[in-house]
Amino acid sequence: MASIICPKLGAVPMGQRSSHLKTMQKSTQPVVHRLGENLGFGFRRTIETPRALATEVSFKEPEASTPLNENDKMMANYVPIYVMLQLGIVTIDNVLEDKVGLEKQLKQLKGAGVDGVMCDVWWGIVESKGPKEYDWSAYRALFQLVQECGLKMQVVMSFHQCGGNVGDVVNIPIPQWVRDVGVTDPDIFYTDRAGNRNQEYLTIGVDNQPLFGGRTAIEMYSDYMKSFKETMSDFLEAELFTDIEVGLGPAGELRYPSYPQSLGWVFPGIGEFQCYDKYLKADFEEAATNAGHPEWEFPDDVGEYNNNPDVTGFFGSKGYLSEKGKFFLTWYSNKLLIHGDQILDEANKAFLGCKVKLACKISGIHWWYKDDSHAAELTAGYYNLNDRDGYRPIARMLSRHYGAFNFTCLEMRDSEQDAAAKSGPQELVQQVFSSVKREDVHMAGENALERYDRDAYNQILLNVRPNGISRNEPPKLKMEALTFLRLGDELLKKKNFKLFKTFVKKLHADQAYNADPQTYSRIVPLERSKPEIPIEELLKASEWLEPFPFDDQTDMSVGGKLNDYIDGLLNMIPFF
């Protein structure tokens, strides 16, 4: 989950950038724009036309009335850490699990200097009894406990199912009354080419379809967030929550469920496109007709979940580079952009004026990144190629909502991956971080897999501050927060927790724990989203630009193999 700050675009102090960057200016003259009209799809909206792109925003240092001392300067390098709570900490029966045991664990985290914790707030639990019948009691008990332990919180509006993805150890489906609609209309769920339905998350094809007792999917999500805001007003006023991450797809990520383990996917399969429900099919047919190609259909040579790219026509024979292939991928990825934009706009309205930061999570799909096709990214909806940036348009969309880009796989290194999968987690993080910063959007991240070793910690530390500590001015590249996977017995084992505490200290740039987020970020009441950015302007951000340089290794290391050896000896001493 991301930790961000919410001033207006272009007013955020984030260190100096290159001299060619210019201050954003925009016209206040409204124009009528048909979203996506040049691509054959869209709907009519009123927008304001920007005169300069977000990439041209200058980054100004804050004006200080008094000189900063050394500690103040170093606090600009401080990266707060939030530890994910257990997936089932609130049970499917809406009960806070093991409050006494959790309190003990939270106090251990507090003692280690951890800034806060993160938890999913499951739609399938809170609104399980029926439409607009919300029961927040267990979550209120949880939030009260976290507050008493002196920790901050990131919360996720989890509109997806828990179960069927990597790391899922409990099963929490979306509400039964929602799934019941799918008995007579199974097309409310994502559907693959073979007709398999995926009940992890409602297809974005029903975002604006009033199929749920007269409500659309987006209206259900909006009502849920409004109820959360009303019920948790005391916690919001007490500034317990630093971040509200809005779930936008499976695993809470803005993507299609292209690689579901529940349907047999195994790493490093390319996955499958998930657009075969009747609603998305009809949308594509309309888009193709509007583009002058009513004969175009979905590609039929895209392979199956566990294929390699080279055995498919669409990927292996470069079908994705044809005119038809480009049109399909543009439509497929743009549906995600529009989906995220609409729901984040509702989130912004729900939490308007609250001292919280909105966030959106993006999946780190690193396998086949070094293949020309980037097949696994494409099936997930990230239209990213060697000469096309699939992530900067998402960041540009987020910029109008004061949203943060939360990215995964920070702990991974290329050398740890199977060469046959053509993985590039390091290059992927570098590209995404650079793209997000170019759009003046805050970057945060998390590890994708549970790791408690020095190699993983050092890679995370490198990625959160890619150019290291800056002792005289705010660092040019720094993530706003790290969300760490996950609280549990494994993390709290003596040898693991000892190293974890060192890791926390290094995230904090060797500074003491600071309970006031205002000392390392600027927390302001959430402002109303800026005018909608036309889809054509979003897609201009797909221009490929070289990533910013990253250092080879972190300057805040937790140690290496020698330290592992010493730790091994010390761990054999019972009383140490």
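Side chains of L545 and S434 form no contact here, defined as non-hydrogen atoms less than 4.5 Å apart. You'll find the side chain of N463 reaches within 4.5 Å of the side chain of F550, heavy atoms only. Taking the side chain as every heavy atom from C-beta outward, K530 and Y402 approach each other to under 4.5 Å. In this structure, C162 and W122 have side chains that are in contact, with non-hydrogen atoms separated by less than 4.5 Å. V121 has its side chain out of reach of V90: every pair of non-hydrogen atoms, C-beta onward, lies at least 4.5 Å apart. Side-chain atoms of L461 and F503, non-hydrogen and from C-beta on, do get closer than 4.5 Å to each other. L109 has its side chain within reach of L487: a pair of non-hydrogen atoms, C-beta onward, lies under 4.5 Å apart. In this structure the side chain of E543 reaches within 4.5 angstrom of the side chain of R392, judged on heavy atoms.
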Practice prompt. Please test K476 against S470 for side-chain contact (heavy atoms from CB on, under 4.5 Å), starting from the C-alpha separation and ending with a verdict.
Written response: CA-CA 8 Å; K476 295 179 175 62; S470 178; over 6 Å; no
Worksheet item: Could you go step by step and tell me if N334 and L539 meet the side-chain contact (heavy atoms from CB on, under 4.5 Å) rule?
Response: CA-CA 9 Å; N334 281 1; L539 295 187; 3.4 Å; yes
Item to complete: Could you walk me through whether T483 and M84 pass the side-chain contact (heavy atoms from CB on, under 4.5 Å) test, one step at a time?
Response: CA-CA 7 Å; T483 305; M84 297 184 196; 3.7 Å; yes
Practice prompt. Give the C-alpha distance, both sets of side-chain angles, the deciding distance and a yes or no for side-chain contact (heavy atoms from CB on, under 4.5 Å) between I89 and L102.
Written response: CA-CA 9 Å; I89 197 67; L102 177 60; 3.8 Å; yes
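With sequence neighbours excluded, the residues satisfying salt bridge (Lys or Arg N to Asp or Glu O under 4.0 Å) with E490 are K493. The side-chain hydrogen bond (donor to acceptor under 3.5 Å, both in side chains) test applied to T519 returns N514, not counting sequence neighbours. D551 pairs by the salt bridge (Lys or Arg N to Asp or Glu O under 4.0 Å) definition with nothing, not counting sequence neighbours. Residues meeting the salt bridge (Lys or Arg N to Asp or Glu O under 4.0 Å) test with D555, sequence neighbours left out: none. Partners of S363 under the side-chain contact (heavy atoms from CB on, under 4.5 Å) rule, at least two apart in sequence or in another chain, are E253, R255, Y259, I365, Y382. The side-chain contact (heavy atoms from CB on, under 4.5 Å) search around K370 returns D414, K422, E427, not counting sequence neighbours. In this view, A347 and M225, V246, L358 satisfy the side-chain contact (heavy atoms from CB on, under 4.5 Å) rule, not counting sequence neighbours. Q431 meets the side-chain hydrogen bond (donor to acceptor under 3.5 Å, both in side chains) test with Y369, N384, D389; sequence neighbours excluded. Every residue meeting the salt bridge (Lys or Arg N to Asp or Glu O under 4.0 Å) condition with K355, not counting sequence neighbours, appears here in chain and number order: E239. Residues satisfying the side-chain contact (heavy atoms from CB on, under 4.5 Å) test with K107, not counting sequence neighbours, are E103, C149. Applying the side-chain hydrogen bond (donor to acceptor under 3.5 Å, both in side chains) criterion to T408, with sequence neighbours excluded, gives no partner residue.
The minimum heavy-atom distance linking L254 with H339 is given by the pair CD1-CD2, 4.0 Å. Of all heavy-atom pairs spanning A421 and F267, the tightest one is CB-CZ, 4.2 Å. The two residues S333 and Y383 make their nearest non-hydrogen contact at OG-CB, 3.7 Å. Y513 approaches G150 most closely through the heavy-atom pair OH-O, 3.9 Å. Considering all non-hydrogen atoms of both residues, R465 and K506 come closest at NH2-O, 2.6 Å. The nearest pair of heavy atoms linking S435 to A395 is O-CB, 4.5 Å.
The closest donor-acceptor contact from the side chain of D115 to the backbone of I81 lies under 3.5 Å. The closest donor-acceptor contact from the side chain of N447 to the backbone of C409 lies at 3.5 Å or more, if one exists at all. With hydrogens and angles ignored, the 3.5 Å screen pairs a side-chain donor or acceptor of R486 with a backbone N or O of L85. For N77 (side chain) and P475 (main-chain N/O), no donor-acceptor pair under 3.5 Å exists by modelled atom type. Q417 places no side-chain N or O within 3.5 Å of a backbone atom of G424 that could act as its donor or acceptor partner. Distance alone, capped at 3.5 Å, is enough to place a donor-acceptor pair between the D371 side chain and the S373 backbone. Listed for the E411 side chain is a donor-acceptor partner under 3.5 Å among the backbone atoms of A448. Although no hydrogens or angles enter the test, the distance criterion places no donor-acceptor pair under 3.5 Å between the side chain of R451 and the main chain of L485. Using a distance-only test at 3.5 Å, with no hydrogens or angles considered, a donor-acceptor pair links the side chain of Y139 to the main chain of D120. For N563 (side chain) and G560 (main-chain N/O), a donor-acceptor pair under 3.5 Å exists by modelled atom type.
Atom CD of Q154 sits about 5.5 Å away from atom OH of Y82, to the nearest 0.5 Å. The line from OG of S542 to CD1 of I394 is 11.5 Å long, rounded to the nearest 0.5 Å. The line from CD of E346 to NE2 of H401 is 10.0 Å long, rounded to the nearest 0.5 Å. To the nearest 0.5 angstrom, H442 atom NE2 is 13.5 Å from M479 atom CE. The distance from the CG atom of D341 to the CG atom of L336 is 12.0 Å, given to the nearest 0.5 Å.
Side chains of T502 and Y457: a donor-acceptor N/O pair is absent below 3.5 angstrom, by distance only. There is no side-chain donor-acceptor pair under 3.5 Å between E480 and S521. Looking at Q86 and Q105, their side chains do bring a donor and an acceptor atom within 3.5 Å of each other. Side chains of Y452 and K495: no donor on one and acceptor on the other come within 3.5 Å. Between the side chains of N458 and T554, no donor N or O sits under 3.5 Å from an acceptor N or O.
Under the 6.0 Å cut-off for aromatic ring centres, F484 and F500 qualify, their centroids lying closer than that. Ring centroid separation for the pair F228 and F241 comes in under the 6.0 Å cut-off. Between F407 and F433, the gap from one ring centroid to the other reaches at least 6.0 Å.
Applying the salt bridge (charged side-chain N to carboxylate O under 4.0 Å, His left out) test to every pair with at least one member in residues 147-157, sequence neighbours left out, gives no pairs at all.
Remark: K104 does not engage D98 in a salt bridge, criterion side-chain N to carboxylate O under 4.0 Å.
Cation-pi geometry between R438 and F548 is met: under 6.0 angstrom from the ring centre, within 45 degrees of the axis.
Heavy atoms from other residues, nucleotides or ligands lying under 6.0 Å from CG of D489 number 12 at most.
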